[in-house]
Structure formats: structure tokens, C-alpha cells
Amino acid sequence: MGRFLARRIIICVLTVAGASFVIFASLYLAPGDPISFLTAGRPSSPELRAALAAQYHLDDPFLHRYLQWITDAFQGNFGESIARRRPVLDLIFANLPTTILLVIMTLILVVVVGVLFGGIAAFRRGPIDDGIMAAMTVSLATPAFVSSIFLISVFAVGLGWFPVFGPGTDIGDRIHHLVLPAVALTIAWWPVIGETARASMREEHEREHVETARSRGLTPQHIVRRHVFRNAAIPISTVIGLSFAGLVAGTAIVESAFQLNGLGSLLITSVTGRDFPVAQAVALLLVTVFAVTNVVVDLLYAALDPRVQTSWSRK
Amino acid sequence: MTALNTPIAPARVLRTIRPIPGLDVVGHVAVLLVILFACLAAFGPLIAPHDPNAVNLSLSYGGSDTEHPIGYDQQGRDIFSRLLHGARSSFLGPLIIVAAASTAGMTLAIVGAWRKGWIDATLAGILDSSLAFPGLLLAVMVVAIVGPGIQSTVIALSIAYTPYMARIVRSAAITEISKDYVAAARVQGFSALTICVRHVIPNIMPIVLGQAVLTVAWATVDIAGLSYLGLGIQPPAADWGIMLANGQTGVLQGYPMEAVSAGLCLIIAICSFSLLGERISRRGEAIAA
């Protein structure tokens, strides 16, 4: 276990280090000199050019620049946005609440819908199972931006139940604004949980210990709760962890579709608006979240299930 | 000349089309749809009845008529013709991504599985950690540097999908290479390249093919998403992702046809590719076991 833990953490650190280096070095892969790339054709005063040279330590050797940048980043100093003339960290903090709320709402929906329908499909063979499986296939094949537009068309424009755009003001209003985006993400992600829930519950249901419980005359409800669900919870929680990481990356497109002020839409607007420091900072943040989640999931998996093979060659 | 004059009975043609053994009804529907989309991508622009970029503002959001079955978009362009043209641009990118990622992933995986030792461990480590980097994020970062466009996003997504392909091929190749016939061929003095190209690759091909078809589905989602965000294919090109972005304006004004038709095309295409990919993969695994 100790070696496994160390190995996973080393891989995580290496991933973040590698990804951060790529994100950092990408500035120098761009055609032209860094300052004209950063200002992207905007009129630039000598002061701005000097500020950018200082922010990116352009007068220092290359590796030194990287170390400076990554040290600054871990101290929360991501420099200043070129388009908005504000510290990047301020922008990130301004956009963080929407993304966090959206991810939490989506996770709750995905887990409830996925486990519920996965469970029903596991125990009700025949047409109900087939129907749920078909729904999962279609749902999984519906990209979140397509379902976003369909949802806007029906529930915001047609029925007028939900606002079309924007993040909302107070907390109740915010949740109201985030219902459709969360549903759009849920449509794309619930089959991932649902398929695992169905497969693992069905597998547990056919195991000998369940057979024994049944022969002892325990009620079906008791068997499902105490014997099937508890064991099936291990693979289900692993997949929940993995979907969390994917969800964080997937929010970008839904936030853009609903014009929300989240981290993902901040990344997209900074890319289309050629605001490189912001794009760099958000990309670094997302990659770190992704890598850390993967490690936490692996460790949780190993902690929950002592049988797990603690080597990287697992499937 | 007699052969040419003999009419071919439709029933005779139908009889030559036989069901594929071991494939269920859903799988057959998926095969037919995949063939249909392939034909659309190849010939769609040729059979499109109208110019997809012919603007006529007086027909903005015009309803359907006999010549324009789905109606007009905001700029008065024929939606049906734009859908047909869009099939090509929506599948061309994913096809290149799959070809590139399959070739690169297969080469890396087989070299690793054959050489074993530190080469395999290093490759597996790199591939494992690059799985943590979401493909969409990589593509967005590439666009941040070189600017929006289909070429940069296709290159980025090819790199992003390589580890997924390599991971699946690697485990299949390890099983295949450990089989007795490979050892026997080695003893007979065949070179590593010959054994891999003549025996190992053909035997793991069903698994590669299944994964490749699945990758078409995912890459189609990604490319359409990037085009929707304005980072991939650029307007005024007819593309399903761009049509969704344009159609969103129509949705807000109560004209959802453009967005709905492009969205349905995407959903049906992704559905059929993933259903078919899953079935090929399952069969490949059954053969390998």
C-alpha cells in the first residue's frame, strides 16, 4: 500500500509538472516574439511591454523563467489579464463559484439518476432493462452542447420555466439558473454511472453470499440494501470520482452554451479573445484538479477494496 | 451483350445481401447507418440540391417547401443542403484523428509489448499520465497558441486520443505476444517486424477496429463541440457544429429547425458509431480470449 501510494503521488506530481511545462512552454512555440503574441495586435505602450517582460521574466534564461512562473503560480500569482487589465487570480475567484455550484448540482443529479435507473435495470430483466439500456445509449451519444440547445428551446424559450442565459444573483436564483446546464451535463454523464451500477449490482446479486441470504429467508429489500448495494458501492464510487474529473473539463462547453461566468467559459473566452495569461492559468488549474482527482480515486478504490491489485498494470 | 440486357430482379439483389453472422438487429441497424453516413460524407456535397452558402435575407427563417424540405436558416440558406455539406466536414476531421491515433497508438503499444522491460514501463507510464490530460483541453490550448482552425484541433485531438488507443492495444498485444506461436516463429528465426506485421497485428485487428470506430464517435463530439465554440471549423462553412452555434440564435427567436436538425444528425451518427464500435470490440475480445 505504501509503495502504491508513493507511486501514484509521484505519477501525479510528474503529470502536473509535465503538463505545466507544456502549458508554460506553449507561449514560446507560438510564431513571432512572445510580447507581440501576448498583446495580439493590440496597441501596446512601452509600459505594457515592460510589464509583460517583467511578468514573464523574459530577460531570464528559459528554465529559470519556468521555475519563476510555476513558483508564482503556486503562490497564487498568475499575473495580469491582458484584455481586462485585472489580476488573473481575481478573474478565477470571480468565476469559481458558478463552476463549483454547477459541478455539485450535476454530481448529485448524475448519482441519483444513474444509481436509480442502473439499479432498476439490474433487478428488472426484460423490457424495462432493455428500455433503460437503450436510453443510456442515446443519452450517452447526446453531446452536452446539443442537449443544452434542445433544453433552452423547450424549457426556456417554449415553456419559459427557466431563464435562457446568465448566472443569476442570489443563491436561490443561481440554482434556478443552473438547473438546465446541470440537466444538460447529466444527460451526457448519467449513463456512465448507470452502466456501472447496473453491471456491479447484477454481479453482486448473483453471488453466493446473496444466495445464502436469500435462502435464510431475508427480505429482498434487506438483501438489496445490506448485501448487494454495499458491495456494488465500491465500483460505483470509483466511477463517480472519475466522472467528477471529466465533468470539470466538460463544464467549459455547457457554460459557454448558457453564457455562464464559470471557469470553463473563462478559458474559452480567453482563448478566443487571445488573453494568454488567463488561458494558461485556467488550463493549469484544470489539469491539476484532473490529476489530483485521479489519484484520490485510485487511493479511495484501494482503501475501499482490499482485494485491489495495487500496481499500475491494472485494467 | 446478353448479360447487359438481362434485367436484374430486385429480389435477386436483395438475396445477395445476407445478415452478418453473430450480429444482432441493433448492430445491423448501426452498420446500415454507418454506411449511410459514410456515403453522405463522400457524396453529400454532390447530391445537395442547393448552394449551401447562397444567402437570401428575404427568406430568413423561411419555412419548408417542396424544394427546401427543412426550410431556411437566419441568412436564408437552405438547411437541407447545409446538412449534406456538413456531413463531410463533420466526419473528415474525426477520420483523420482516428487514422493518426490508431497508427501512433498501435506502433507505441506493440513496440512496448514486444520489447518489454524499461521501454514498456516508460511508455506505459507516459501513456498512463497523459490520460489525465483531457483531449478537449489540449485542443483548446493548441488553439490558444496557433489560433482557431480545423488543422490545429485535428492535430491536438490525434495526440490526445493516442494514449487511449495505445492502452487498449497494449494489453491485447501482451496477451498475443505471450502465445506459443510467437515463440515458435521466433525460434524459426523470423524477425520481430515480420512476426508483428504478419501475425500479431492481424490477430489484434478486431480490437483495434472496435476502438477506432468508438474513437470516431468521440472525436465527432469533440470536433463538433470545438466548432460550436468557434475554435474549430470556421463559418461560413457548412458544418453541424457551426449550424448548432448559428441555430442557437434561431432557437431564441422561436425557429429551432436548424439547431434541431444538426443536433439530431450528430446524435444519430454518434449513436450508430458507438453501438457498432462496442459490438466489434466485444467480438474482438471474445476472439482474443
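Numbered from 1 within each chain, the chains take letters A, B, ... in sequence-line order.
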Does any heavy atom of chain B fall under 4.5 Å from the side chain of A144(A), the backbone, both, or neither of them?
neither

With a 4.5 Å cut-off on side-chain heavy atoms, are T272(A) and V143(B) touching?
no

When rounded to the nearest 0.5 Å, the distance separating OG1 of T142(A) from CG of L266(B) is 10.0 Å

Can you tell me which portion of I268(B) sits under 4.5 Å from chain A's heavy atoms? Options are side chain, backbone, both or neither.
neither

Just checking Y255(B): does its OH atom have more than 12 heavy atoms from other residues, nucleotides or ligands closer to it than 6.0 angstrom?
no

So with a 6.0 Å cut-off around CD of Q151(B), is the heavy-atom count from everything else above 12?
no

Check this for me: R282(B), atom CZ, are more than 12 non-hydrogen atoms of other residues, nucleotides or ligands nearer than 6.0 Å?
yes

Let me confirm one number: the OG1-CG distance from T269(A) to L229(B), rounded to the nearest 0.5 Å.
10.5 Å

Which heavy atom of M141(B) sits nearest a heavy atom of A279(A), and at what distance?
SD-O, 4.1 Å

If one checks every heavy atom of A269(B) against chain A at 4.5 Å, the contacting part turns out to be neither

For S153(A) and P256(B) the tightest heavy-atom approach is OG-CB, 3.7 Å

For A259(B), which atoms come within 4.5 Å of any heavy atom of chain A: side chain, backbone, both, or neither?
both

Nearest-0.5 Å distance that lies between atom CD1 in I253(A) and atom CG in D222(B):
8.0 Å

Are F150(A) and V251(B) packed together at the side-chain level, in the sense that at least one heavy-atom pair is separated by less than 4.5 angstrom?
no

CD1/I152(A) to CG/L252(B) distance, rounded to the nearest 0.5 angstrom?
6.5 Å

Return the minimal non-hydrogen interatomic distance between P143(A) and I267(B), and the atom names on each side.
CD-CG1, 4.4 Å

Side chains of L137(B) and L267(A), heavy atoms from C-beta outward: is any pair under 4.5 Å?
yes

So which of V260(B), L264(B), V221(B), L244(B) actually passes side-chain contact (heavy atoms from CB on, under 4.5 Å) with V146(A)?
L244(B)

